[in-house]
Amino acid sequence: TISTNLTGMMNTCATVLPYMDKQQLGKGGMIVNVTSVVGLDPSPVFCAYSASKFGVIGFTRSLADPLYYSQNGVAVMAVCCGPTKLFVDRELTAFLSYGQSFADRLRTAPCQSPTVCAKNIVKAIECGDNG
């Protein structure tokens, strides 16, 4: 989970930044890291997933600091998606056996479709700023 959600995202940012950086090869632009609302508040059931998403948010906020943006012209944004129908429809196995009630409540929580989620990410990109 950490390798995919956090380390993979960090490696991707490190790979694309030189091509976007105005002081190097690029013309600026925006990096959008897709994360989750589970990274905003602790989740006692999905501990590793929550930690990875906290990390994405922290890394994104750090990389979006004006110190970098003023020099490289690369805006960085994190979009914290809520639960999608596709995720909730899958079998949710809680990390801890006593967390199954939390996973069961998630199944009845309001969900968005992946299409609505994608449209909102595009809207965030169109309206958003660095950070």
Next on the checklist: Looking at Ser52 and Tyr49, would you say the former's side chain and the latter's main chain have a donor-acceptor pair under 3.5 Å?
Outcome noted: yes
Next on the checklist: Test: side chain to side chain donor-acceptor pair (under 3.5 Å). Region: residues 12-39. Which pairs qualify, not counting sequence neighbours?
Outcome noted: Asp21-Gln24, Asn33-Thr60
Item to check | Where Leu6 and Gly55 come nearest, the two heavy atoms and their spacing | outcome: CD1-C, 3.4 Å
Checklist outcome for this item: All heavy atoms of Ile2 vs all of Ala48, minimum pair found to be CD1-O, 3.9 Å
Checklist entry - Is there side-chain contact between Cys81 and Val37, with at least one heavy-atom pair below 4.5 Å? => result no
Checklist entry - So if you build clusters from Ile, Leu, Val, Met, Phe, Trp, Tyr with side-chain heavy-atom gaps below 4.5 Å, do Val56 and Met77 land together? => result no
Checklist entry - What is the distance from atom CZ of Phe54 to atom CG of Leu40, rounded to the nearest 0.5 Å? => result 7.0 Å
Item to check | Co-membership, hydrophobic cluster, residues Met30 and Val79, 4.5 Å side-chain | outcome: yes
Next on the checklist: Return the CG to CG distance between Leu17 and Leu63, rounded to the nearest 0.5 Å.
Outcome noted: 5.5 Å
Using residues 119-131 as the side-chain source, report each donor-acceptor pair under 3.5 Å to any protein atom, sequence neighbours left out, with the distance given to one decimal.
{"unit_1": "Asn120", "atom_1": "ND2", "unit_2": "Val116", "atom_2": "O", "d": "3.2"}
{"unit_1": "Asn130", "atom_1": "OD1", "unit_2": "Val76", "atom_2": "N", "d": "2.8"}
{"unit_1": "Asn130", "atom_1": "ND2", "unit_2": "Ala64", "atom_2": "O", "d": "2.5"}

Checklist entry - Does the side chain of Tyr69 reach to within under 4.5 Å of the side chain of Val74, using non-hydrogen atoms? => result no
Item to check | Over 12 non-hydrogen atoms of neighbours within 6.0 angstrom of CZ in Phe59 | outcome: yes
Checklist outcome for this item: Heavy-atom nearest pair, Lys53 first then Val34, reads NZ-O, 3.8 Å
Checklist entry - In Å and rounded to the nearest 0.5 Å, what is the CD1 to OG distance from Ile57 to Ser62? => result 11.5 Å
Checklist entry - Out of curiosity, does Val32 fall in the hydrophobic cluster containing Tyr68 (side-chain heavy atoms, cut-off under 4.5 Å, transitive links)? => result no
